[in-house]
Amino acid sequence: MKKFFLLVMLLLFTQCDYKPIYSQNNNNFAIKVVEFNKNKSNKILATRLENYSYKKNNLRLYELKLLTSENKFVLSKDTKGDPLQLSLKISLKVEVYEKNKMISKKEYVEQFNYQNLNKKFELKSYESEIRANVYDKMISKILIDLANLK
């Protein structure tokens, strides 16, 4: 019965031309990063936004100014005074320009709480993974906002 249901679903999805919404890059705009503050997090942003660089068939070219800031807080400590729970707060200010005229300004803020790890190397790699995920989430929000600009 499960095989039959799976076969029917497979046939339905192939017949109705199902495509994931965000897998295609058919936007009418292109992005050019004009200015951003110098830190390692902006390398993540720049590489993620390269996919939306200018092409001939784009109708609009948006120039972005990106300012990022990161704060790391200790939320709780154990009896020895060592941190148990940490928080990483990332804020991203975006100014959108079209033909040297500012058309939008917005700030995106994300906060992530996590447990402290004993090994510092594992903690650093975990934090960089958190950063990458948070910036991916912010970039998807930026792209949605840019697609809704008229």
Side-chain angles (χ1 to χ4, degrees), residues 6 9-78 82-150:
L6 186 62
M9 292 302 290
L10 182 64
L11 288 174
L12 285 175
F13 282 137
T14 57
Q15 297 300 321
C16 71
D17 198 27
Y18 170 77
K19 294 178 186 169
I21 295 173
Y22 295 112
S23 68
Q24 303 151 344
N25 185 6
N26 56 0
N27 297 323
N28 294 343
F29 63 88
I31 297 173
K32 179 181 176 186
V33 179
V34 176
E35 178 183 324
F36 53 86
N37 54 346
K38 305 290 183 198
N39 62 16
K40 63 182 178 180
S41 302
N42 287 324
K43 291 179 184 177
I44 297 170
L45 289 172
T47 56
R48 300 286 199 279
L49 291 174
E50 276 181 8
N51 295 337
Y52 298 94
S53 60
Y54 185 71
K55 296 178 180 100
K56 291 181 183 177
N57 58 355
N58 296 123
L59 297 176
R60 297 173 184 227
L61 175 64
Y62 294 131
E63 297 174 346
L64 301 180
K65 289 187 179 181
L66 306 171
L67 298 171
T68 60
S69 66
E70 296 180 7
N71 295 320
K72 188 175 171 181
F73 302 105
V74 175
L75 295 178
S76 65
K77 296 182 178 183
D78 62 2
D82 296 331
L84 284 176
Q85 199 169 27
L86 302 169
S87 177
L88 183 64
K89 183 178 180 181
I90 299 175
S91 67
L92 171 65
K93 294 180 183 178
V94 179
E95 293 179 0
V96 182
Y97 292 87
E98 185 177 20
K99 298 177 183 173
N100 294 328
K101 182 179 178 185
M102 186 192 305
I103 58 173
S104 177
K105 183 176 184 179
K106 195 163 185 178
E107 182 175 4
Y108 302 91
V109 178
E110 294 285 334
Q111 186 168 351
F112 189 81
N113 300 334
Y114 55 98
Q115 297 290 327
N116 190 14
L117 301 174
N118 291 335
K119 297 180 181 176
K120 297 302 174 191
F121 177 75
E122 290 178 3
L123 181 64
K124 289 276 187 194
S125 62
Y126 185 58
E127 286 175 349
S128 64
E129 188 176 314
I130 291 169
R131 262 187 212 92
N133 290 337
V134 167
Y135 282 122
D136 284 340
K137 198 187 293 186
M138 286 181 173
I139 287 172
S140 66
K141 288 179 184 179
I142 291 170
L143 293 174
I144 290 170
D145 289 341
L146 289 176
N148 292 332
L149 284 177
K150 301 266 178 173

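Values reported hereafter were calculated over all heavy atoms of this structure, with side chains retained and with hydrogens, waters and symmetry mates removed.
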*Any donor-acceptor pair under 3.5 Å linking the side chain of D82 with the backbone of D78?*
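A pair under 3.5 Å: no.
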*Would a distance-only check, ignoring hydrogens and angles, find a side-chain to backbone donor-acceptor pair under 3.5 Å from N116 to Q85?*
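No: the side chain of N116 does not pair with the backbone of Q85.
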*asked:* One pair to check against salt bridge (charged side-chain N to carboxylate O under 4.0 Å, His left out): K99 and E63. What are the steps and the verdict?
replied: CA-CA 8 Å; K99 298 177 183 173; E63 297 174 346; over 6 Å; no
_Any salt bridge linking E127 with K72? Criterion: basic side-chain nitrogen under 4.0 Å from a carboxylate oxygen._
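Yes.
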*In terms of side-chain geometry, is the basic nitrogen of K106 or D145 positioned less than 4.0 Å from the acidic oxygen of its partner?*
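Salt bridge: yes.
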_Where at least one partner belongs to residues 84-121, residue pairs that pass ring pair (Phe, Tyr, Trp, His ring centres under 6.0 Å), sequence neighbours excluded_ =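 Listed once each, the pairs are Y114-Y126.
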*Between L86 and L75, which heavy-atom pair has the shortest distance, and what is it?*
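In terms of heavy atoms, the two residues are closest at O-CD1, 3.9 Å.
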*Identify the two heavy atoms, one from L92 and one from I142, that lie closest to each other, and give their separation to 0.1 Å.*
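Distance-wise, the nearest heavy atoms are CD2-CD1, 3.6 Å.
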*Inter- and intrachain pairs under salt bridge (charged side-chain N to carboxylate O under 4.0 Å, His left out), touching residues 109-126, at least two apart*: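 Sorted result for residues 109-126: E110-K137, E110-K141.
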_To the nearest 0.5 Å, what is the distance between NZ on K93 and OG on S91?_
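K93 atom NZ to S91 atom OG measures 6.5 Å (nearest 0.5 Å).
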*Find the distance between CG (L88) and CD1 (I90) and round it off to the nearest 0.5 Å.*
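Interatomic distance, L88 CG to I90 CD1, rounded to 0.5 Å: 4.5 Å.
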*asked:* Run the side chain to side chain donor-acceptor pair (under 3.5 Å) test against S125 and tell me which residues pass, sequence neighbours left out.
replied: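 Applying side chain to side chain donor-acceptor pair (under 3.5 Å) to S125 gives none.
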